[in-house]
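Note sheet for the following structure.
Index from 1, following the sequence.
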Amino acid sequence: MGRYKIIYWTIWLAIAASVLILTAGSARSQVVMDSVAQLQKIDVEEHLGDTIPMDLMFTDDEGNSVRIGDYFGQDKPVLMVLAYYECPMLCNLILNGIVQGIKDLDWRPGEDYQIVTVSINPRETYELAAAKKKNYLSSLQISSASKGWSFLTGEESQSKALADAFGFKYYWDEKKQQYAHPAVIYLLSEDGKITRYLYGIDYKRQDLKLALLEASEGKIGSTLDKLILYCYHYDPDSEGYVVFAGNVMRLGGVLTLVLLAMFLGGLWYREHHKKTRGRSADKPLNQAR
């Protein structure tokens, strides 16, 4: 069983436990999968470095037809998530996790990056997407997000093609009348190249910031942010960014050399200035004129 399935299984087990408690022994669980065979139908096959198809057509939360490519080529990275708006639990947890993660970032959606949520349910309408957007903008309380976070709907052929580009495997569970899918979000560069997958429902502020900085190829963020990114790298095992000891040591070595050069330069200048003043003082008054 892959780690993504383990994450999915763990999340659903936790949710299922809560549901069972709330329903006081209800015989039916809404979310637990029935068998390992069902779990095998949900997974993520990472396509890092691939470019998603730009010509896929969707409807935005205002009812306009849009190309997915319309959200790229703006000199900004894009955070994208596949979900559906009537999802009973997991999609809400993912979207809530995004809100919590970006709330305190000093970069703003719409100004520094774009967020695009795409429904995998072809039966959902743009009115439903608009209502969902309104709820999340209310939670986020960032004015620029109204133009920086889009909620799209579209035909199955379009959302499925997008899911395939991400390696996102999901299916419709007829028995439970809901989609089974992994918990993952994607970071893309301005030209639509997939730069990072972040898993789970809790997106740490630092991970989101570093992933956005990475996706922007250094076009957003301060010099200090870029130095921080240099000292961190994404670790698939811990599913987050961790300190990269090799780069920290290299950076420390460079800083040590710079400080040493500044110190020695200061000493040289001080001695040189002292000698120059000494020679001037030793000259007879008539030669000095």
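Note that CG of Leu212 is 8.5 Å distant from CD1 of Ile115, once rounded to the nearest 0.5 Å. To the nearest 0.5 Å, atom CG of residue Leu188 and atom OH of residue Tyr71 are 14.0 Å apart. For the atom pair CD1 (Ile142) and CG (Leu105), the distance works out to 8.0 Å, reported to the nearest 0.5 Å. We find the CG-CG distance between Asp112 and Asp106 to be 8.0 Å, quoted to the nearest 0.5 Å. In this structure, OG on Ser159 lies 10.0 Å from CD on Glu124, to the nearest 0.5 angstrom. Note that CG of Leu140 is 10.5 Å distant from CD1 of Ile98, once rounded to the nearest 0.5 Å.
Taking the ring pair (Phe, Tyr, Trp, His ring centres under 6.0 Å) definition, one finds that Phe58 meets it with nothing, sequence neighbours left out. Shown here are the ring pair (Phe, Tyr, Trp, His ring centres under 6.0 Å) partners of Tyr241, two or more places apart in sequence or in another chain: Tyr234. Asp104 meets the salt bridge (Lys or Arg N to Asp or Glu O under 4.0 Å) test with no other residue; sequence neighbours excluded. Residues passing the side chain to side chain contact (heavy atoms under 4.5 Å, CB included) test with Asp191 are Ser189, Lys193, sequence neighbours excluded. Residues satisfying the side chain to side chain contact (heavy atoms under 4.5 Å, CB included) criterion with Glu127, sequence neighbours excluded, are Thr125. In this structure, the side chain to side chain contact (heavy atoms under 4.5 Å, CB included) partners of Gln74, at least two apart in sequence or on a different chain, are Gln114. Lys103 pairs by the salt bridge (Lys or Arg N to Asp or Glu O under 4.0 Å) definition with nothing, not counting sequence neighbours. With sequence neighbours excluded, the residues satisfying side-chain hydrogen bond (donor to acceptor under 3.5 Å, both in side chains) with Asp235 are Ser238. For Glu214, the salt bridge (Lys or Arg N to Asp or Glu O under 4.0 Å) test picks out Arg196, with sequence neighbours left out.
Other members of the hydrophobic cluster containing Tyr269, listed by chain and number, are Trp268; membership follows side-chain contacts under 4.5 Å among ILVMFWY residues, whether direct or relayed.
Between Arg205 and Asp207 there is no side-chain heavy-atom pair separated by less than 4.5 Å. The side-chain heavy atoms of Trp107 and Leu213, taken from C-beta on, include a pair separated by under 4.5 Å. Here the side chains of Glu46 and Phe166 are not in contact, with every heavy-atom distance at 4.5 Å or above. Between Glu45 and His47, the closest side-chain pair of non-hydrogen atoms falls below 4.5 Å. Using a 4.5 Å heavy-atom cutoff, the side chains of Val118 and Leu56 are not in contact.
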Could you go step by step and tell me if Leu187 and Leu198 meet the side-chain contact (heavy atoms from CB on, under 4.5 Å) rule?
CA-CA 8 Å; Leu187 280 300; Leu198 295 179; 4.0 Å; yes
Could you check Asn64 against Thr59 for side-chain contact (heavy atoms from CB on, under 4.5 Å), going step by step and ending with a plain yes or no?
CA-CA 5 Å; Asn64 304 309; Thr59 302; over 6 Å; no
Assess the residue pair Asn96 and Tyr136 against the criterion (side-chain hydrogen bond (donor to acceptor under 3.5 Å, both in side chains)); give the C-alpha distance rounded to whole Å, side-chain angles, the decisive distance to 0.1 Å, and a yes or no.
CA-CA 8 Å; Asn96 290 345; Tyr136 281 100; 3.2 Å; yes
Should Asn121 and Glu156 be marked as a side-chain contact (heavy atoms from CB on, under 4.5 Å) after you check the CA-CA gap, both sets of side-chain angles, and the distance that decides it?
CA-CA 7 Å; Asn121 185 347; Glu156 185 174 13; over 6 Å; no
Taking it one step at a time, do Val184 and Phe168 satisfy side-chain contact (heavy atoms from CB on, under 4.5 Å)?
CA-CA 9 Å; Val184 57; Phe168 178 86; 3.8 Å; yes
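Side-chain atoms of His181 do not come within 3.5 Å of backbone N or O of Tyr170 as any donor-acceptor pair. For Ser216 (side chain) and Pro77 (main-chain N/O), no donor-acceptor pair under 3.5 Å exists by modelled atom type. Gln100 places no side-chain N or O within 3.5 Å of a backbone atom of Tyr203 that could act as its donor or acceptor partner.
A salt bridge (Lys or Arg N to Asp or Glu O under 4.0 Å) check over residues 58-79, counting only residues at least two apart or in different chains, returns the pairs Asp61-Lys133, Arg67-Asp70, Asp75-Lys219.
By the criterion of side-chain heavy atoms lying less than 4.5 angstrom apart, applied directly or through intervening Ile, Leu, Val, Met, Phe, Trp or Tyr residues, Ile120 is not grouped with Tyr126; the two fall into different hydrophobic clusters. If you chain together hydrophobic residues whose side chains sit under 4.5 Å apart, Val116 and Met57 never meet in one group. Phe72 and Leu48 fall within the same hydrophobic cluster, where Ile, Leu, Val, Met, Phe, Trp and Tyr residues are linked whenever their side-chain heavy atoms come under 4.5 Å apart, directly or through other members. The cluster map of Ile, Leu, Val, Met, Phe, Trp and Tyr, joined by side-chain heavy atoms under 4.5 Å apart, puts Val99 and Leu137 in different clusters. Linking Ile, Leu, Val, Met, Phe, Trp and Tyr whenever their side-chain heavy atoms come within less than 4.5 Å leaves Leu210 and Val242 in two separate clusters.
Using bins of under 30°, 30° to 60° and over 60° for the plane-to-plane angle, the ring pair Tyr199/Tyr197 lands in the parallel bin.
When every heavy atom of Leu90 is checked against every heavy atom of Ala183, the shortest pair comes out as CD1-CB, 4.1 Å. The two atoms that bring Gly192 and Met54 nearest to each other are CA-CE, 3.6 Å, heavy atoms only. Pairing each heavy atom of Ile94 with each of Pro182, the nearest pair is CD1-O, 4.2 Å.
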For residues 147-154, tabulate all N or O donor-acceptor pairs below 3.5 Å that involve a side-chain atom, not counting sequence neighbours.
from: Trp149; atom 1: NE1; to: Thr117; atom 2: OG1; distance (Å): 2.9

